Chemist: 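Below are the structure tokens for one structure; questions will follow.
Fair warning: this is a prediction, and the values are worked out from it, not measured in the lab. What you see below is based on every heavy atom in this structure, not just the backbone, and it leaves out hydrogens, waters and symmetry mates.
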Amino acid sequence: MDNGNARIRVPKTSELVADQIRAQIIRGELQEGDSLPPEGTLMATLGISRPTLREAFRILEAESLISVVRGSRSGARVHQPSTELVSRYAGYVLESQGTTIADLYAARLAIEPTVVRWLATSKGQTPGMARVKDILAELEDMLQTDRHAEFVDNIAVFHQALVEATGNNTLSFMNRMLLNLARNHQNDYQRRHPRSNEEKYKSLRAGFKSYVKLVKMIEEGDVEGAVAHWRLHLRNANETWAQRGEGERIVDSLHA
């Protein structure tokens, strides 16, 4: 193939400046809340014009890595990359691709039993398990004080803490994206299918007891038992959230 006419794109100066500042943020040389030097100082240090610097700032602002207060004498404020922001954007991509609720819950069913296997193999001896138990105590308090809507909203928090207890950053990131979408669907489902307080309590109490049983099995090192229990728990939950008429719905990334 003749690539003789192919052109090599040369980055603009503003893009190079943005690359340099971005790298400092990602490497931790610039921390959350730090202020960049004033524009005049950056222009002199980098040898660039004001329009070039402001174009670099616009690039970084669009990535939510800095925020600029117009007219302020202080420099732009630095922000660390946000897992929440990126996972929300990933949700936009899934929705635009027509991803269904059934697809979403199938992915969760593929992830969480493996997570439980890892945790039970170590008998829950990971720093993150303390957080799981703290959330369990908070959920119990919500249940006992009839804060049912808050309980439902924090189910996702329990699931995320379970995955984060493994210490695996990649799985934790992927799971956060899935849970954001699942929480949107569950809240919407609750609005469309109202239940009495008694029905809510009975259902949530059963779910809570299942969480308690899981943590106990993990700490006892009952690997196969914990995996089987959690797989059954997820399948039962999926029969509600992704039942016929629900599973065919497209995920909603826009409404929390």
Side-chain angles (χ1 to χ4, degrees), residues 83-84 87 104-105 108-109 111-168 171-243 246 256:
T83 299
E84 188 70 25
S87 66
L104 173 69
Y105 281 92
R108 288 184 58 193
L109 187 57
I111 291 174
E112 292 194 29
T114 298
V115 163
V116 167
R117 179 176 296 280
W118 293 350
L119 294 174
T121 299
S122 68
K123 294 187 176 182
Q125 297 302 307
T126 65
M129 278 302 295
R131 172 65 176 149
V132 172
K133 294 171 78 171
D134 286 345
I135 294 170
L136 205 56
E138 292 169 8
L139 288 172
E140 183 174 26
D141 183 63
M142 292 172 197
L143 199 60
Q144 292 177 346
T145 53
D146 294 330
R147 288 142 59 200
H148 297 154
E150 190 175 351
F151 184 103
V152 171
D153 202 41
N154 278 275
I155 289 173
V157 178
F158 177 82
H159 284 266
Q160 181 62 17
L162 198 65
V163 177
E164 289 178 352
T166 66
N168 188 295
L171 267 187
S172 296
F173 174 79
M174 292 171 59
N175 200 61
R176 183 178 295 276
M177 174 190 66
L178 297 177
L179 287 176
N180 283 345
L181 294 172
R183 179 157 49 188
N184 287 356
H185 174 65
Q186 288 167 5
N187 288 340
D188 179 57
Y189 182 94
Q190 295 280 325
R191 286 191 294 270
R192 291 184 287 104
H193 299 83
R195 296 180 297 173
S196 68
N197 284 338
E198 184 178 350
E199 289 175 319
K200 288 179 183 177
Y201 180 82
K202 183 178 179 180
S203 173
L204 298 180
R205 182 66 184 173
F208 176 76
K209 289 174 67 175
S210 180
Y211 303 159
V212 172
K213 181 177 180 179
L214 173 69
V215 171
K216 184 174 184 291
M217 296 175 88
I218 286 174
E219 293 182 329
E220 291 174 347
D222 184 358
V223 178
E224 298 306 325
V227 171
H229 168 71
W230 202 238
R231 185 174 286 117
L232 178 61
H233 173 96
L234 292 172
R235 283 176 174 161
N236 287 340
N238 289 3
E239 286 180 4
T240 297
W241 304 121
Q243 62 181 277
E246 295 293 329

Chemist: Return all side-chain donor-acceptor pairs below 3.5 angstrom for residues 121-131, not counting sequence neighbours, or 'none' if the list is empty.
Modeler:
from	atom 1	to	atom 2	distance (Å)
Thr121	OG1	Arg117	O	2.7
Ser122	OG	Leu119	O	3.0
Gln125	NE2	Lys123	O	3.3
Thr126	OG1	Ala165	O	2.9

Chemist: Could you check whether Glu246 pairs with Arg192 (Lys NZ or Arg NE/NH1/NH2 to Asp/Glu carboxylate O, under 4.0 Å)?
Modeler: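 Salt bridge: yes.
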
Chemist: Sequence neighbours left out, cut at 3.5 Å: what donor-acceptor pairs do the side chains of residues 211-220 make with other protein atoms?
Modeler:
from	atom 1	to	atom 2	distance (Å)
Lys216	NZ	Glu220	OE2	2.5
Glu219	OE2	Lys133	NZ	2.9

Chemist: If only atom types and distance count, is the side chain of Gln144 paired as donor or acceptor with the main-chain N or O of Asp141 below 3.5 Å?
Modeler: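 No.
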
Chemist: Could you check if a side-chain atom of Met142 sits within less than 4.5 angstrom of a side-chain atom of Leu139, using non-hydrogen atoms only?
Modeler: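 Answer yes - side chains close enough.
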
Chemist: Of all residues at least two apart in sequence or in a different chain, which pass the side chain to side chain donor-acceptor pair (under 3.5 Å) check with His148?
Modeler: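 Expected list: none.
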
Chemist: Just grab all the salt bridge (charged side-chain N to carboxylate O under 4.0 Å, His left out) pairs involving residues 157-167, residues at least two apart or on different chains.
Modeler: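 Matches after skipping sequence neighbours: Glu164-Arg176.
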
Chemist: The test is side-chain contact (heavy atoms from CB on, under 4.5 Å); show your working for Leu143 and Glu140 and say whether it passes.
Modeler: CA-CA 5 Å; Leu143 199 60; Glu140 183 174 26; 5.6 Å; no

Chemist: Using 0.5 Å steps for rounding, measure from the CH2 atom of Trp241 to the CG atom of Asn236.
Modeler: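 The distance works out to 13.0 Å.
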
Chemist: Side chain to side chain contact (heavy atoms under 4.5 Å, CB included) with Ser210: which residues, sequence neighbours excluded?
Modeler: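 Here the qualifying residues are His229, Trp230, His233.
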
Chemist: Return each pair, listed once, that meets ring-ring contact (aromatic ring centres under 6.0 Å, His included) where at least one residue sits in residues 191-210; pairs must be two or more places apart or across chains.
Modeler: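 ring-ring contact (aromatic ring centres under 6.0 Å, His included) check on residues 191-210 returns Tyr189-His193.
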
Chemist: State, with a plain yes or no, whether a side-chain heavy atom of Asn154 is found less than 4.5 Å away from one of Ile135.
Modeler: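 No - every pair of side-chain heavy atoms lies 4.5 Å or more apart.
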
Chemist: Distance from Thr240 atom OG1 to Tyr105 atom OH, nearest 0.5 Å?
Modeler: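 These two atoms lie 9.5 Å from each other.
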
Chemist: Within a strict 4.5 Å, meaning less than it, do heavy atoms of the Arg231 and Leu234 side chains meet?
Modeler: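 A side-chain contact under 4.5 Å is absent here.
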
Chemist: Could you tell me whether the side chains of Asn175 and Gln160 share a donor-acceptor contact shorter than 3.5 Å?
Modeler: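 On atom types as modelled, these side chains qualify, holding a pair under 3.5 Å.
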
